[in-house]
Number of protein chains: 2
Amino acid sequence: MRRTPLDPDTLEAVANRFKVLAEPARLQILNELRAKPSNVTELIAATGLNQANLSKHLQLLYTHGFVMRKRDGLFVVYALADPSVFALCDIMCAQLGRRGTELRKRAR
Amino acid sequence: MRRTPLDPDTLEAVANRFKVLAEPARLQILNELRAKPSNVTELIAATGLNQANLSKHLQLLYTHGFVMRKRDGLFVVYALADPSVFALCDIMCAQLGRRGTELRKRAR
DNA sequence: CACTTAAATTACTATATGGTTATATAGTTG
DNA sequence: CAACTATATAACCATATAGTAATTTAAGTG
């Protein structure tokens, strides 16, 4: 059995990681990278995000260790560094499924 | 094999759920409730959050289906509605463990 | 080295949200 | 129903951050 996280530093560290995933644009990026590693230009096309915005999201994903990157000539290729993200998303999606039924009323 | 979530509504719904967990105070509340259902007064004591703030966090946790509640006389008792939260946290914590080594440099 | 393309960074704006104080509501008890 | 306690809500401020436009940096090519 695991001890639950209690100290403020751990709480904050975990919250910060959730925060990185708490953004549709970043989930979309991760989802694209799930299919295949891509350079920024490809990601612009795939996501519809503009260059500066995408770059900022990529920085954040990178500094938090969700993606890796390597330069390839003029391009920088990003790739998933942490597939466990999708385990998280799958759990979330499962919750979404159950949600539909009972949460509509609350949300209003 | 699971199809990955792609449509904007799903992305946003998943992001919104992550957002709820992307807050140390709410993680702390969930962690308290993991031990036992508690009323608001008890949670004030356990978390150190003030009444209004705690109440807002509880509303959010409730509307997103992370907690249940029932009135008990003057009190309102909150309880975990969705233990899968801790599966999420465990995955996050595992990432934290791996992180320490290589991410310190990036974070700066 | 001048020119071009890719990506990162800077500066800015707008919006969302956490915390707080004050107030309102719900339920209990006399 | 008046007084009291527990919780929820409203109003406000301060901060964080997503998006954008403009600029800079890095790398490649003539």
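Lettering follows sequence order; numbering is per chain, from 1.
- Place A:Lys56 and B:Phe75 on DNA chain D by their nearest nucleotides, and B:Phe75 ends up nearer the 5' end.
- Per the geometry, CG belonging to B:Leu54 stands 9 Å off P belonging to D:dT7, to the nearest Å.
- At C:dA7, one or more side-chain N or O atoms of A:Thr41 fall inside 4.0 Å of OP1 or OP2 (strictly under the cut-off).
- Checking side-chain atoms of B:Arg26 against main-chain N and O of B:Val20 turns up a donor-acceptor pair under 3.5 Å.
- Under 4.0 angstrom from either OP1 or OP2 of C:dG19 there lies at least one side-chain N or O belonging to B:His57.
- Between B:Tyr62 and D:dT7 there is no side-chain polar atom (N or O) within less than 4.0 angstrom of OP1 or OP2.
- With hydrogens and angles disregarded, a donor-acceptor distance shorter than 3.5 Å links the side chain of B:Glu42 to the backbone of B:Asn39.
- For B:Arg69 and D:dA8, the shortest distance from a side-chain N or O to OP1 or OP2 is below 4.0 Å.
- For the pair A:Arg71 and A:Leu49, both in contact range of DNA chain D, the more 5′-proximal nearest nucleotide belongs to A:Leu49.
- Atom P of nucleotide D:dA27 and atom CG of A:Asn39 are separated by 15 Å, given to the nearest angstrom.
- When only modelled atom types and interatomic distance are considered, A:Ser84 and B:Gln95 share a side-chain donor-acceptor pair under 3.5 Å.
- Hydrophobic clustering (side-chain heavy atoms under 4.5 Å, transitive across Ile, Leu, Val, Met, Phe, Trp, Tyr) keeps A:Ile44 apart from A:Phe75.
- Look at CG on A:Leu58: it is 11 Å from P on C:dT9, rounded to the nearest Å.
- Listed pair A:Asn53 / D:dA18 fails the phosphate criterion, with no side-chain N or O lying under 4.0 Å from OP1 or OP2.
- Distances shorter than 4.0 Å separate none of the side-chain N or O atoms of A:Gln51 from OP1 or OP2 on C:dA8.
- Across the protein-nucleic acid pair, A:Leu43 atom CG and C:dA6 atom P stand 14 Å apart, rounded to whole Å.
- In this structure, A:Asn50 atom CG and C:dC12 atom P are separated by 18 Å, rounded to whole Å.
- Atom P of nucleotide C:dA24 and atom CG of B:Leu74 are separated by 19 Å, given to the nearest angstrom.
- Comparing atom distances between the B:Val40 side chain and each of D:dT17, C:dA8, D:dT7 picks out D:dT7 as nearest.
- Put simply, CG on A:Asp72 is 13 Å from C1' on C:dA7, counting in whole angstrom units.
- Of the candidates D:dG28, C:dG19, C:dA26, C:dG19 carries the atom nearest the B:Glu23 side chain, counting heavy atoms from C-beta on.
- Separating the CG atom of A:Asn16 from the C1' atom of D:dT17 is a distance of 13 Å, rounded to the nearest angstrom.
- Between B:Arg26 and C:dG18 there is a side-chain N or O to OP1 or OP2 distance below 4.0 Å.
- With hydrogens and angles ignored, the 3.5 Å screen pairs no side-chain donor or acceptor of A:Ser55 with any backbone N or O of A:Gln51.
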